[in-house]
Amino acid sequence: MEKHTLGSLTWLRMMRFTNQSNQLSNEFLKRFNLTTAQFDVLIQIKTYAPLTQSQLAEKVTVTQGGMSRMLARLEKEGLIERKQNWKTKTISLTAKGMELIDATTPSQLHFQSSFFEEVLSEEEMKTLYTLLSKLEKHSREKNYPRCDFFYFITCVVK
């Protein structure tokens, strides 16, 4: 078995927590007929609308293909609308979508907050928030080249 570094063990623990949290959130959000990914998309649309599909894709962790399918479903359910303005198609919430996200958000935020508030002190939560903010900022600043065919030699050599 490989010896893990503290950094790799921390990353694995974060991934496990994120996966478990998403699974529990998916179960929790079933009562609203939403998934965690759909909830995230609706929150982003509410916050930044009107926005394009590519702008939305930059803000969430859904692939472009997954995004197209999800938006089609949300549109079919009457939660979002897409409007064509010349060459640009923008996305915004419908009244029904706004109602749903406004009804869902307090419950979902309370549910997610409970993961932290039930086990961490106020000081520990502040420390965790500061550390995660620092990691998130650093990850945005790292620009590794994509390891596609064009960069294959560079990535393999490094």
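- A heavy-atom distance below 4.5 Å is found between the side chains of Leu71 and Ile91.
- The line from CZ of Phe116 to CD of Glu122 is 13.5 Å long, rounded to the nearest 0.5 Å.
- The side chain to side chain donor-acceptor pair (under 3.5 Å) check on Lys134 picks up nothing, with sequence neighbours excluded.
- For Thr18, the side chain to side chain donor-acceptor pair (under 3.5 Å) criterion is met by no residue, not counting sequence neighbours.
- Side-chain contact check for Phe115 versus Leu120: every heavy-atom pair is 4.5 Å or farther apart.
- For Thr105 (side chain) and Asp102 (main-chain N/O), no donor-acceptor pair under 3.5 Å exists by modelled atom type.
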Lys126 and Glu124: salt bridge (Lys or Arg N to Asp or Glu O under 4.0 Å), yes or no, with the steps? CA-CA 5 Å; Lys126 286 178 184 176; Glu124 288 172 323; over 6 Å; no
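- For the side chain to side chain donor-acceptor pair (under 3.5 Å) test, no residue two or more places apart in sequence or in another chain qualifies with Ser107.
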All N/O donor-acceptor pairs, side-chain side in residues 23-30, below 3.5 Å, sequence neighbours left out:
residue: Ser25; atom: OG; partner: Ser21; partner atom: O; Å: 3.2
residue: Ser25; atom: OG; partner: Gln108; partner atom: NE2; Å: 3.2
residue: Ser25; atom: OG; partner: Gln112; partner atom: NE2; Å: 2.2
residue: Asn26; atom: OD1; partner: Thr36; partner atom: N; Å: 2.7
residue: Asn26; atom: OD1; partner: Thr36; partner atom: OG1; Å: 2.9
residue: Asn26; atom: ND2; partner: Asn22; partner atom: O; Å: 3.3
residue: Glu27; atom: OE1; partner: Lys30; partner atom: NZ; Å: 3.3

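- Going from atom OG of Ser92 over to atom CE of Met98 covers 8.5 Å, rounded to the nearest 0.5 Å.
- Residue Lys83 comes nearest to Glu81 through the heavy atom pair CE-OE2, 3.4 Å, listed as atom of the first residue, atom of the second, then distance.
- Leu12 and Leu128 fall into different hydrophobic clusters, where Ile, Leu, Val, Met, Phe, Trp and Tyr residues are linked whenever their side-chain heavy atoms come under 4.5 Å apart, directly or through other members.
- For the pair Met67 and Ala57, the tightest heavy-atom approach, listed with the atom from each and the gap, is CE-CA, 3.9 Å.
- Counting only heavy atoms from C-beta outward, the side chains of Leu9 and Thr5 never approach each other to under 4.5 Å.
- Within 6.0 Å of CZ on Phe17 lie more than 12 heavy atoms contributed by other residues, nucleotides or ligands.
- Shown here for Met70 and Ala37, the closest heavy-atom pair between the two residues is CE-CB, 3.6 Å.
- Legend: residues meeting side chain to side chain donor-acceptor pair (under 3.5 Å) with Lys89, ordered by chain and number and at least two apart, are absent.
- Gln44 meets the side-chain contact (heavy atoms from CB on, under 4.5 Å) test with Asp40, Tyr48, Leu56, Lys59, Val60; sequence neighbours excluded.
- Between Leu34 and Leu100 there is a side-chain heavy-atom pair separated by less than 4.5 Å.
- A 4.5 Å side-chain heavy-atom check between Gln84 and Thr90 finds every atom pair outside the cut-off.
- Between Ile80 and Leu42 the shortest side-chain heavy-atom distance falls below 4.5 Å.
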